Amino acid sequence: MNIPNPNNNETQDQRAFIIAIVLLVAIIANLMLSLSLGFQTNAWQHFVRAGLVLIFGIATVFSAILIRRGRTKNGIWLLIISFLFTLAGTSLLLAGFGLILAAIELVLAGGIAAFVLPKEERNRVFITTAIAAALTYGIDLLPLNYRIPAPAAMKNSLPAIAGAVVLVIGFYIARQAWQGALRNKLLVMFIGIPTIVVIVISVFFTNNLRGQLDTEIERGQQADVQAKIAGVENFLTATSADIQFLSGSVVLENYFAALKAYSELSPNAEANEIQTAQNLVAEARASANDEFYAFAQARLIYDQVRYLDATGQEVIRVNTSRDGETTIVAEEKLQNKAGRYYFDDTFALQPDELMISPLDLNVEQGAVEVPHKSVIRYGTPVVFEGEKVGVIVVNVLADNFLEVLGQTNITSFLIDPDGYYLYHPDVNKRWGRDLETEYSVYNDFPDLAETVFASKEGTFQTEEQAFTFSPIEFTGEVAPRWYLVDFVSLEETDVIVREAMRPIQVTIIIALAMMALAAFLTSNVMLAPLKGLTQAAEQVAAGDLNAKATVTTNDEIGTLSTAFNTMTSQLQGTLQGMEQRVAERTQNLELAAEVGRSV
């Protein structure tokens with residue numbers, strides 16, 4: 001017979017009520033997190049999840065009420081079902097979170113059931129939780145297009161909240177278990193302590209892996225930035241060499257010589273002499289046109305190649321279309337560019353100096369050319385016999401080096417000192433100044449902008465992205481001309497970490513599940529002889545001296561059972577001897593009484 005414990009149900013209700021209150025506190029923190037993320041990102045998935053968490057909170061309140069009214073089994077079932085429903089719903093809304101959620105389900109729901117519910121209900125909860133955890137993890141593997149990646153804030157906060165709940169509930173349950181049955185103590189030692197050790201090691205390993213991966217990504221970004229800057233600089237260095245070549249062209253000098261000879265003709269020169277000089281000028285100019293044409297056709301990176309005389313008048317102009325078609329502009333279509341900054345600034349330079357214009361969209365007839373054509377102009381003075389006679393100006397098709405920035409697996413954008421995008425993966429954000437759209441890094445990442453313009457080079461990180469930046473400087477200029485910024489999504493990092501950790505996490509979960517199963521089986525095996533011994537002791541205490549403990553092992557418990565049986569046998573013999581002596585004494589007394597009566 002079992003000795004009743006009048007405080008058992010009261011203790012069970014108290015445990016369940018405290019667990020419900022702890023979960024309610026965690027639900028409030030979780031609800032605030034989901035609402036905050038929803039308002040920050042305007043993603044409906046976070047608001048739907050907030051609704052799920054709110055439903056879980058309401059269910060938890062009803063669960064606490066049921067527990068206080070003595071309906072603990074119903075209250076715990078309501079608590080666990082709503083908990084599993086909320087986490088499965090989270091997996092439907094947020095991607096890359098299923099394994100973590102499944103682990104939380106197994107640990108929390110399983111732990112609550114193990115120390116609150118009776119055995120028959122406990123097994124049902126274990127089965128239900130295992131199915132729900134598998135379903136949660138399976139949902140995460142489905143290609144659901146509407147689902148969004150779980151943000152970094154939730155990936156850090158939700159496991160932290162769950163971990164705090166596990167620690168509080170686990171500590172309380174362990175303390176209660178240690179004061180209870182031996183079976184509970186064994187479960188704490190064989191499940192609780194190893195689980196904590198495994199979780200701590202797993203967290204340490206995950207953080208270490210993430211740290212190493214972050215370092216490798218940062219190094220990769222830095223290498224990518226420097227490689228792209230080197231490519232831009234090499235491209236523009238070649239442009240500098242090209243324009244110096246053109247300014248010293250022999251055919252151009254022949255044109256200047258022919259032009260000088262024509263200008264030095266006597267006013268009284270013969271008509272045929274004038275005609276000959278004019279022909280020589282025309283031939284020299286044609287030769288210069290041909291050379292500029294051959295140069296432009298060979299390079300195919302210049303929108304325009306021009307020579308302008310000292311008055312700003314275009315003398316030679318060769319255009320190259322986007323399709324690579326090169327043409328010499330007819331003389332009657334040549335324009336005077338006096339007053340344009342690129343002519344005035346270039347003509348004011350000393351020989352061999354370079355004018356490098358801002359990088360902007362080409363303007364024709366006072367309006368931005370459509371389709372848009374990004375150009376950067378290089379110019380240098382042309383000197384003949386020690387005198388500046390004009391300038392060479394080339395319009396570089398900037399797409400030739402800008403598009404290269406997008407040809408690696410790391411995304412980049414290029415900004416000017418005012419923060420406007422000169423290159424961006426989103427074409428709509430480019431050329432905010434020229435198109436007056438006002439797209440700039442100050443609008444998108446104000447903190448990043450402050451860091452970039454205040455530093456030589458470095459890194460910057462937000463909750464969702466990691467940035468690496470470096471300036472692009474031109475020789476002879478005090479301030480950087482542009483800034484190149486590489487950025488990667490931290491979601492990509494998390495995906496890599498999750499993929500690397502997934503086999504380990506699955507192994508850990510399987511190991512913990514097997515450990516729990518082994519602990520239950522071991523405790524049953526170890527406690528079965530003690531349970532039989534306890535039952536025998538209870539029978540003896542009730543007066544059944546024929547009760548015997550079953551001896552099934554040769555260990556200390558078997559020795560104790562044998563000793564118990566020996567003790568009960570000896571006690572039974574002692575009692576039988578005492579009963580016999582009492583009977584004999586009674587008989588003697590009866591004889592004596594009978595003798596007395598007869599006398």
Side-chain angles (χ1 to χ4, degrees), residues 9 11-31 49 51-93 97-140 158-159 161-174 176-177 184 187 191-192 195 509 512-513 516-517 519-520:
N9 291 335
T11 302
Q12 189 180 64
D13 293 347
Q14 182 182 9
R15 291 178 186 172
F17 184 75
I18 291 176
I19 288 172
I21 296 302
V22 172
L23 283 177
L24 191 59
V25 174
I27 288 168
I28 294 173
N30 212 335
L31 179 62
R49 185 179 182 277
L52 292 175
V53 175
L54 181 60
I55 293 173
F56 179 31
I58 295 172
T60 302
V61 172
F62 279 105
S63 173
I65 293 173
L66 290 173
I67 292 169
R68 292 297 287 177
R69 293 180 178 178
R71 300 170 61 185
T72 301
K73 183 176 72 173
N74 295 336
I76 290 298
W77 265 109
L78 176 60
L79 186 70
I80 290 176
I81 292 299
S82 58
F83 170 68
L84 297 176
F85 174 76
T86 302
L87 266 60
T90 300
S91 187
L92 280 169
L93 297 168
F97 221 19
L99 194 58
I100 295 175
L101 296 175
I104 293 174
E105 288 175 341
L106 290 171
V107 173
L108 271 179
I112 292 171
F115 290 95
V116 174
L117 294 176
K119 182 177 180 180
E120 60 276 6
E121 294 297 327
R122 183 191 313 151
N123 292 337
R124 293 193 190 117
V125 171
F126 289 159
I127 295 172
T128 303
T129 302
I131 294 173
L135 180 63
T136 300
Y137 180 58
I139 289 173
D140 188 53
L158 190 58
I161 293 173
V165 171
V166 169
L167 287 177
V168 172
I169 295 178
F171 175 77
Y172 174 75
I173 290 176
Q176 294 293 321
N184 294 340
L187 291 179
I191 297 180
T195 298
I509 291 175
L512 288 176
L517 178 61
F520 278 108

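Every heavy atom of this structure was used, including side-chain atoms; hydrogens, water molecules and symmetry mates were not. These figures come from a predicted structure and were not determined experimentally.
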**OP:** Answer yes or no: is there a side-chain heavy-atom contact under 4.5 Å between Trp77 and Val125?
**Re:** yes

Original post:
With sequence neighbours excluded, what pairs up with Ser91 under the side chain to side chain donor-acceptor pair (under 3.5 Å) test?
Top reply: none

Original post:
Sequence neighbours excluded, which residues qualify as side chain to side chain contact (heavy atoms under 4.5 Å, CB included) partners of Ala59?
Top reply: Leu78, Ser82

Subject >> Separation between OG1 of Thr90 and CZ of Phe85, rounded to the nearest 0.5 Å >> reply: 9.5 Å

Original post:
Applying the side-chain contact (heavy atoms from CB on, under 4.5 Å) test to Leu79, which of Asn74, Leu84, Leu23 qualifies?
Top reply: Leu23

Original post:
Got a second to check how far Leu93's CG is from Ile139's CD1, nearest 0.5 Å?
Top reply: 10.0 Å

Original post:
In chain order, what residues pass the side chain to side chain donor-acceptor pair (under 3.5 Å) check against Arg124, with sequence neighbours excluded?
Top reply: Glu121

**OP:** Quick one: list whatever passes side chain to side chain contact (heavy atoms under 4.5 Å, CB included) with Ala133, sequence neighbours left out.
**Re:** Ala102, Glu105, Leu106

Subject >> Interatomic spacing from CG in Leu52 to CG in Leu31 - rounded to 0.5 Å >> reply: 11.0 Å

**OP:** Would you give the length of the straight line joining atom CG of Leu135 to atom CG of Leu87, rounded to the nearest 0.5 angstrom?
**Re:** 11.5 Å

Please tabulate, one pair per line, all N/O donor-acceptor pairs under 3.5 Å involving side-chain atoms of residues 60-70, not counting sequence neighbours.
| residue | atom | partner | partner atom | Å |
| --- | --- | --- | --- | --- |
| Thr60 | OG1 | Phe56 | O | 2.7 |
| Ser63 | OG | Gly75 | O | 2.5 |

Subject >> CZ-CD1 distance between Arg71 and Ile76, expressed to the nearest 0.5 angstrom >> reply: 13.5 Å

Original post:
About how many Å separate CG of Leu24 and CD1 of Ile58, when rounded to the nearest 0.5 Å?
Top reply: 11.0 Å

Subject >> Under the side chain to side chain contact (heavy atoms under 4.5 Å, CB included) test, residues paired with Ile28 that sit two or more places apart >> reply: Met32

Original post:
Can you list every pair that meets side-chain hydrogen bond (donor to acceptor under 3.5 Å, both in side chains) and has a residue in residues 106-117, with sequence neighbours left out?
Top reply: none

